[in-house]
Undergrad: 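Below you'll find the structure I mean.
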Amino acid sequence: MRIAVGSDHRGVAMRAKIVDLLKSRGLEVIDEGCNGQESVDYPDIAAAVARKVSKGEVDRGILICGTGLGMSIVANKFPGVRAAPCHDYVTAEMSRRHNNLNVLCLSGDILGERLVDRLVEIWLDTEFEGGRHERRVGKITALERNMPNA
Ligand code: RB5
């Protein structure tokens, strides 16, 4: 699996740990920054990761900002991207089983280290259930295709 990761200044330390975790699992990681602790604008990082997912250059993405909210708002502007903040094991699991989430958004401010490691593992290991959820996700794709600017 190829996975792109990115964070703004609120998620630098968490991103470094997640990159280590992903590499330890043998995944190919494309790191889109940011570098250092200087303040950056989360839309720039979210766009870099989401564009790669949207174009099929990577299989999935992980984005971290203070809350995970700004990153998900931006990432969902890209066709084919399904992004959401997950703060607990249930949302991490169900985001895969029911929503086929391909961009995981995390909060650098709220989540603890152990929680985030397990949350990422659950998100990586959980398969999309398909079936009725395939139909529902298909409707999201159809809506996207009908958007005037899509
Ligand atoms: C940056 O201060 C903060 O707004 C950003 O990290 C994120 O939480 C936005 O949603």
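Atoms within each ligand, like the ligands themselves, are counted from 1 in listed order.
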Undergrad: Strictly by modelled atom types, are Ser7 and Arg15 linked by a side-chain donor-acceptor pair under 3.5 Å?
TA: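 Yes, side-chain donor-acceptor contact under 3.5 Å.
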Undergrad: If you count the non-hydrogen atoms of other residues, nucleotides and ligands that lie under 6.0 Å from CD in Glu113, is the total more than 12?
TA: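 Not buried by this count: 12 neighbours or fewer within 6.0 Å.
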Undergrad: May I ask you to check if ligand 1 and Gly66 share an N or O to N or O distance below 3.5 Å?
TA: yes
Undergrad: Please determine if Gly70 has a nitrogen or oxygen closer than 3.5 Å to a nitrogen or oxygen of ligand 1.
TA: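 Yes; the residue has a nitrogen or oxygen that sits under 3.5 Å from a nitrogen or oxygen of the ligand.
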Undergrad: Can you tell me the protein heavy atom closest to atom 4 (O) of ligand 1 and the distance?
TA: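 Nearest protein contact, heavy atoms only, for atom 4 (O) of ligand 1 is Tyr42 CE2, 4.3 Å.
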Undergrad: Where does Asp8 meet ligand 1, judged by heavy-atom distances below 4.0 Å: at the side chain, the backbone, both, or neither?
TA: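 Side chain only; the backbone of Asp8 stays clear of ligand 1.
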Undergrad: Considering non-hydrogen atoms of the protein only, which is the closest contact for atom 2 (O) of ligand 1, and what is the distance?
TA: Arg10 NH1, 3.3 Å
Undergrad: Tell me, do Phe78 and Val53 make a side-chain contact under 4.5 Å, heavy atoms counted?
TA: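 A side-chain contact is absent here, since even the closest heavy-atom pair is not under 4.5 Å.
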Undergrad: To check you understand the geometry: which heavy-atom pair defines the closest contact between Leu21 and Glu121, and what is its length?
TA: CD1-OE2, 3.7 Å
Undergrad: Which residue and non-hydrogen atom of the protein lie closest to atom 7 (C) of ligand 1, and at what distance in Å?
TA: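 Minimum-distance protein heavy atom for atom 7 (C) of ligand 1 reads Cys65 SG, 3.4 Å.
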Undergrad: Which pairs would a plain distance check flag for residues 79-88, meaning a side-chain donor or acceptor within less than 3.5 Å of a matching protein atom at least two apart in sequence or in another chain?
TA:
residue	atom	partner	partner atom	Å
Arg82	NE	Asn99	O	3.2
Arg82	NE	Asn100	O	2.9
Arg82	NH2	Asn100	O	3.0
Asp88	OD1	Val90	N	3.0
Asp88	OD1	Thr91	N	2.8
Asp88	OD1	Thr91	OG1	3.0

